[in-house]
**Student:** 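Structure in structure tokens, see below.
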Amino acid sequence: MVERGIKVVSVGALKDDAGAADNAAWLAPRPNTDVALMLGLAHTLVGEDLQDESFLASHCVGWDKFCSYLMGESDNTPKSADWAAAITEIPAGTIRTLARDMATQRTMISISWSLQRADHGEQTYWMAMTLAAMLGQIGLPGGGIGFAYAGANGIGAGGGRIAPPSLPIPKNPVTQHIPVARIADMLENPGAPFDFNGARMNFPDARIVYWCGGNPFHHHQNLGRLVRAWQRPETVVVHEAWWNANARHADIVLPAATTLERNDITGTLQDRFALAMHKAIDPVGEARTDHAIFAALAKRLGFDERFTEGRDEMGWLRELYGRWQTRAQAAEVTMPDFDTFWRAGYAEFPDRGAGHVMLADFRADPASHPLATPSGKIEIFSETIAGFGYADCAGHPTWYEPAEWLGAAKAEKYPLHLISNQPRTRLHSQYDNGGYAQASKIKGREPAWIHPDDAAAHGIADGDVMRLFNDRGACLAGAKITDAVRKGVIQLSTGAWFSPDRQTTATEGGKALPFCVHGNPNVLTRDAGSSKLAQGSTAQTCLVEIEKWTGELPEAEVMRPPDIVALDV
Ligand SMILES: Nc1nc2c(c(=O)[nH]1)N[C@H]1C(S)=C(S)[C@@H](COP(=O)(O)OP(=O)(O)OC[C@H]3O[C@@H](n4cnc5c(=O)[nH]c(N)nc54)[C@H](O)[C@@H]3O)O[C@H]1N2
Ligand SMILES: Nc1nc2c(c(=O)[nH]1)N[C@H]1C(S)=C(S)[C@@H](COP(=O)(O)OP(=O)(O)OC[C@H]3O[C@@H](n4cnc5c(=O)[nH]c(N)nc54)[C@H](O)[C@@H]3O)O[C@H]1N2
Ligand SMILES: [Mo]
């Protein structure tokens, strides 16, 4: 894009989110106000008659209902550029100019996943879709909308587009399930009702937690609450490779081999390569692969034949590769035989994705290529969602004030918006103990970006250790002062291993607040659901205050492996 001189406008609190596009214009609205910004853009389009009425009529449903909200007919509040400017702190003139630019040029809107991890995070997606529909460029090359680029969707690199098979999963006799972000709610309120995507459900009474391949003490919000909720189940079993917070909060830790200690295959739809992951070393100590652990448990429970189907690790890899070959054959693509693949380390697919224009067929003929929506069209108004009658999610994209944001009264006490984005130096919490992540730390704490004005107002110098706190918890972080972060925002990536210090814990309403001396932002974040519709996590909706840490620096004990006592059993 940079080479071809394509203009990039990056919207967000961090300047370097635009990556290599150093010619990018940077708009930094208050975090969590993107819906208001897009409503301001949409209002400008209508005011200047720039919306694509024919696309809205032929490919969308519910434009009129949304338009009446947009223009203020249904609630007496026109969502004008001036209205949006007061909420976002982006000047109204900038909003109007951007709207005209978007309507008069080929425009692609790209929305990152982070925007859904906020209070009412569904609305940002729905509003972006609506704005793209108004521009009428959906289904044109280089126009329309894309979600979660790089994270999940391809970035124009094409791809083999032949889905790799996964292990067969038998039918689970347990039908009760929860949205994953509701785990503390479930543990604290067994049997209690909750709403989710139009259904009224009840939390199961979970008496055992069995966790494999994830770290709730990394990913969950409001870790103080999770620690308390974790006391409820009778037993907690985890598969872990590291003595991290996940392992430390379990009754039984089954030492799991890392990906370097097992043979495996990797591949995705968007990739042109199937990759052989050769084991580098045998599992260390008593560690076993997840498959070996489950197979041994299945044997003790008397159904190992059914579980393994008589195959070991390499047996399964051959079998799965074979199924991949069959899928490829159906698409008239030949993959090499397993042994050739395994020796070479990879198999290459022809590029079957290049030149693909998303939704081009829908654009050309919506009747023959309907979307997977009830109407088959883009639902700017959804009868289904309106029918749920949720106060926190109407039938069309709506601006709802987030529970915490820089425009809230709470910002007087906690004046900084915390952005806890994905870390540059690791995948989530993985290998935070490794040299690469450790090299990025400031005095052994996770680095946090802070604007020079905010640092000055708090008497903080570059390289100082700060205490970040709110009414849910506190953590330490190392200050990196930079104007690449918006004023009023502090950025602390996820993933520092949770290392609570019991000596210095504060209390709030009689409850002990967690204090992570290492810099895990999830002691600060809230664990309320995004809305009754999605019940997603809302980590990006979080206000904090900071102060310079002048006390002694507590050790991040989580980095110290425990003494292992061998027992004869
Ligand atoms: N290095 C590395 N890469 C990863 C991961 C990792 O852990 N490490 N994790 C992977 C995974 S699982 C995922 S889901 C993807 C996630 O991919 P993304 O969702 O794109 O990643 P994030 O870093 O969470 O968020 C991107 C940016 O959104 C901005 N942002 C946050 N809140 C707001 C807001 O309210 N408005 C606006 N306009 N911007 C906001 C922040 O500035 C942040 O830098 O990344 C994947 N890639
Ligand atoms: N504040 C805030 N919180 C967030 C986010 C955010 O943006 N902000 N992002 C959210 C997102 S998008 C995501 S995807 C989640 C990620 O959350 P998780 O996926 O839970 O995070 P990971 O640290 O990747 O956890 C993987 C765990 O599995 C272990 N492990 C690694 N390999 C193996 C293996 O082969 N076998 C077994 N058994 N274990 C293994 C690792 O040691 C690690 O403890 O975090 C979420 N949490
Ligand atoms: Mo993710």
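Numbering of ligands and ligand atoms starts at 1, following listing order. Computed from heavy atoms alone, side chains included, the values below leave out hydrogens, waters and symmetry copies.
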**Student:** Looking at ligand 2, does Pro216 have a heavy atom less than 4.0 Å from it?
**Tutor:** no

**Student:** Is there a nitrogen or oxygen of Asn244 sitting under 3.5 Å from a nitrogen or oxygen of ligand 2?
**Tutor:**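 Yes.
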
**Student:** In terms of atom number and element, which parts of ligand 2 are under 4.0 angstrom from non-hydrogen atoms of Thr494?
**Tutor:**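 Listed by number with element, the hits are 1 (N), 2 (C), 3 (N), 4 (C), 5 (C), 6 (C), 8 (N).
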
**Student:** Decide if the gap between the ring center of Trp405 and the ring center of His120 is smaller than 6.0 angstrom.
**Tutor:**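 They do not qualify: ring centres at least 6.0 Å apart.
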
**Student:** What are the atoms of ligand 2, with element, lying closer than 4.0 Å to any heavy atom of His219?
**Tutor:** 3 (N), 4 (C), 15 (C), 16 (C), 17 (O), 18 (P), 20 (O), 45 (O), 46 (C), 47 (N)

**Student:** Assess whether a salt bridge exists between Arg486 and Asp453, defined as any Lys/Arg side-chain N lying under 4.0 Å from an Asp/Glu carboxylate O.
**Tutor:**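 Answer for the salt bridge query: no.
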
**Student:** Indicate yes or no: does Glu319 engage Arg311 in a salt bridge with an N to O separation below 4.0 Å.
**Tutor:**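 Salt bridge between Glu319 and Arg311, a charged N being under 4.0 Å from a carboxylate O: yes.
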
**Student:** Please report the closest heavy-atom contact between Ile442 and Ala479, naming both atoms and the distance.
**Tutor:**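 The answer is CD1-O, 3.6 Å.
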
**Student:** Could you pull out every donor-acceptor pair under 3.5 Å between side chains of residues 28-40 and any protein atom, sequence neighbours left out?
**Tutor:**
from: Arg30; atom 1: NH1; to: Ile87; atom 2: O; distance (Å): 3.0
from: Arg30; atom 1: NH2; to: Glu89; atom 2: OE2; distance (Å): 3.2
from: Asn32; atom 1: OD1; to: Thr541; atom 2: OG1; distance (Å): 2.6
from: Asn32; atom 1: ND2; to: Gln540; atom 2: O; distance (Å): 3.4
from: Thr33; atom 1: OG1; to: Arg30; atom 2: O; distance (Å): 2.7

**Student:** Does Phe194 have its ring centroid less than 6.0 Å away from the ring centroid of Phe203?
**Tutor:** yes

**Student:** Going by atom types only, do Gln438 and Asn433 share a side-chain donor-acceptor pair under 3.5 Å?
**Tutor:** no

**Student:** Give yes or no for whether the N/O distance cutoff of 3.5 Å, strictly under, is met between Thr259 and ligand 2.
**Tutor:**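 No: no nitrogen or oxygen of Thr259 is under 3.5 Å from one in ligand 2.
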
**Student:** Can you find an N/O atom of Arg262 closer than 3.5 Å to an N/O atom of ligand 2?
**Tutor:** yes

**Student:** With atom 32 (N) of ligand 1 as the reference point, say which of Asn421, Thr541, Ile419 has the nearest heavy atom.
**Tutor:** Ile419

**Student:** With heavy-atom distances below 4.5 Å as the criterion, would you say the side chains of Thr525 and Ser420 are in contact?
**Tutor:** yes

**Student:** Check ligand 2 against Cys212 and write out every atom of the ligand that is under 4.0 Å from a heavy-atom position of the residue.
**Tutor:**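 Here the atoms of ligand 2 in question are 38 (N).
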
**Student:** Minimum heavy-atom separation for Leu513 to Asp471, with atom names?
**Tutor:**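 That closest heavy-atom pairing would be CD2-O, 3.7 Å.
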
**Student:** Starting from atom 24 (O) of ligand 1, which protein heavy atom do you reach first, and at what distance in Å?
**Tutor:** Arg117 NH1, 2.9 Å

**Student:** Show which atoms of ligand 2 fall inside a sub-4.0 Å distance from at least one heavy-atom site of Ser429.
**Tutor:** 22 (P), 23 (O)

**Student:** Heavy-atom contacts with Trp113 under 4.0 Å: which atoms of ligand 1 show up? List them by number with element.
**Tutor:**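 Under 4.0 Å from Trp113, ligand 1 has these atoms: 14 (S), 19 (O).
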
**Student:** Run the contact test for Asn522 against ligand 2 with a 4.0 Å cut-off on heavy atoms, strictly below, and give the result.
**Tutor:**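 Contact present.
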
**Student:** So, for Trp497 and Asp432, which heavy atoms are closest and what is the spacing to 0.1 Å?
**Tutor:**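 So the two residues come closest at N-OD2, 2.9 Å.
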
**Student:** Of the side chain and backbone of Gln221, name the one, both, or neither that has a heavy atom under 4.0 Å from an atom of ligand 2.
**Tutor:** side chain

**Student:** Does only the side chain of Thr425 get under 4.0 Å from ligand 1, or the backbone, or both, or neither? Count heavy atoms.
**Tutor:** neither

**Student:** When you measure from atom 20 (O) of ligand 1 to every protein heavy atom, which one gives the shortest distance, and what is it?
**Tutor:**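 So the nearest neighbour among protein heavy atoms is Ser112 CB, 3.3 Å.
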
**Student:** Is there a polar contact, in the sense of an N or O pair closer than 3.5 Å, between Asp290 and ligand 2?
**Tutor:**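 It does: an N or O of Asp290 is found under 3.5 Å from an N or O of ligand 2.
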
**Student:** Check ligand 2 against Gln540 and write out every atom of the ligand that is under 4.0 Å from a heavy-atom position of the residue.
**Tutor:** 7 (O)

**Student:** Looking only at protein heavy atoms, which one is nearest to atom 15 (C) of ligand 1, and how far off is it?
**Tutor:** Gln422 CG, 4.1 Å

**Student:** Does Gln491 have a non-hydrogen atom less than 4.0 Å from ligand 1?
**Tutor:**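 Outside the 4.0 Å threshold, so no.
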
**Student:** Any protein heavy atom lying closer than 4.0 Å to atom 30 (N) of ligand 1?
**Tutor:**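 So far as the 4.0 Å threshold goes, atom 30 (N) of ligand 1 is in reach of a protein heavy atom.
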
**Student:** Tell me which protein heavy atom sits closest to atom 37 (C) of ligand 1, plus the residue, atom name and distance to 0.1 Å.
**Tutor:**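 Of every protein heavy atom, Leu115 CD2, 3.3 Å lies nearest to atom 37 (C) of ligand 1.
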
**Student:** If you count the atoms of ligand 1 from 1 in the order shown, which ones are under 4.0 Å from a heavy atom of Asn32?
**Tutor:** 34 (C), 35 (O)

**Student:** Give me the nearest non-hydrogen protein atom to atom 26 (C) of ligand 1 as residue plus atom name, then the distance to 0.1 Å.
**Tutor:** Ser114 OG, 3.6 Å

**Student:** Please lay out, stage by stage, how Val284 and Glu261 fare under the test side-chain contact (heavy atoms from CB on, under 4.5 Å).
**Tutor:** CA-CA 8 Å; Val284 171; Glu261 299 165 296; 3.4 Å; yes

**Student:** In the protein, which heavy atom is nearest to atom 12 (S) of ligand 1, and how far is it?
**Tutor:**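 The answer is His428 NE2, 3.0 Å.
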
**Student:** Out of Val35, Thr33, Leu427, Val489, who gets a non-hydrogen atom closest to atom 5 (C) of ligand 1?
**Tutor:** Leu427

**Student:** Do any heavy atoms of Pro521 fall under 4.0 Å from ligand 2?
**Tutor:**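 Per 4.0 Å heavy-atom rule, Pro521 does not contact ligand 2.
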
**Student:** Please report the shortest heavy-atom distance between His518 and Ser499, naming the atom on each side.
**Tutor:**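 Taking every non-hydrogen atom into account, CB-CB, 3.8 Å.
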
**Student:** Looking only at protein heavy atoms, identify the closest one to atom 36 (N) of ligand 1 and say how far it is in Å.
**Tutor:** Asp34 OD1, 2.7 Å

**Student:** Quick one: look at Asp17 and ligand 1, take heavy-atom pairs under 4.0 Å, and tell me if it's side chain, backbone, both or neither.
**Tutor:**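 Contact part for Asp17 vs ligand 1: side chain (C-beta onward).
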
**Student:** Closer than 4.0 angstrom: is that true for some heavy atom of Arg426 and an atom of ligand 1?
**Tutor:**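 Judged by the 4.0 Å heavy-atom criterion, Arg426 does count as contacting ligand 1.
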
**Student:** Is the closest heavy-atom distance from Ala118 to ligand 1 below 4.0 Å?
**Tutor:** no

**Student:** Within 45 degrees of the ring normal and closer than 6.0 Å to the centroid, is that where the cationic atom of Arg467 sits relative to Phe469?
**Tutor:**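 Yes.
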
**Student:** Heavy-atom contacts with Pro31 under 4.0 Å: which atoms of ligand 1 show up? List them by number with element.
**Tutor:** 35 (O)

**Student:** Please test Met102 against Leu131 for side-chain contact (heavy atoms from CB on, under 4.5 Å), starting from the C-alpha separation and ending with a verdict.
**Tutor:** CA-CA 10 Å; Met102 290 173 88; Leu131 183 60; 4.1 Å; yes

**Student:** In the protein, which heavy atom is nearest to atom 1 (N) of ligand 1, and how far is it?
**Tutor:**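 Protein heavy atom at minimum distance: Pro423 O, 2.9 Å.
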
**Student:** Determine, stepwise, if the pair Leu476 / Met466 fulfils side-chain contact (heavy atoms from CB on, under 4.5 Å).
**Tutor:** CA-CA 6 Å; Leu476 297 183; Met466 308 176 276; over 6 Å; no

**Student:** Testing Ile546, Leu468, Val489, Leu543 one by one against Leu418 for a side chain to side chain contact (heavy atoms under 4.5 Å, CB included), which residue passes?
**Tutor:**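 Of the listed residues Ile546, Leu468, Val489, Leu543, the side chain to side chain contact (heavy atoms under 4.5 Å, CB included) partner of Leu418 is Leu468.
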
**Student:** So which of His291, Gln430, Glu240 gets nearest to atom 42 (O) of ligand 2, if we judge by its closest heavy atom?
**Tutor:**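 Among His291, Gln430, Glu240, the closest heavy atom to atom 42 (O) of ligand 2 comes from Glu240.
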
**Student:** For a quick check under 3.5 Å, do Trp126 and Glu122 share a side-chain donor-acceptor pair by atom type?
**Tutor:**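 No.
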
**Student:** Below 6.0 angstrom between ring centroids: does that apply to Trp242 and Tyr431?
**Tutor:** yes

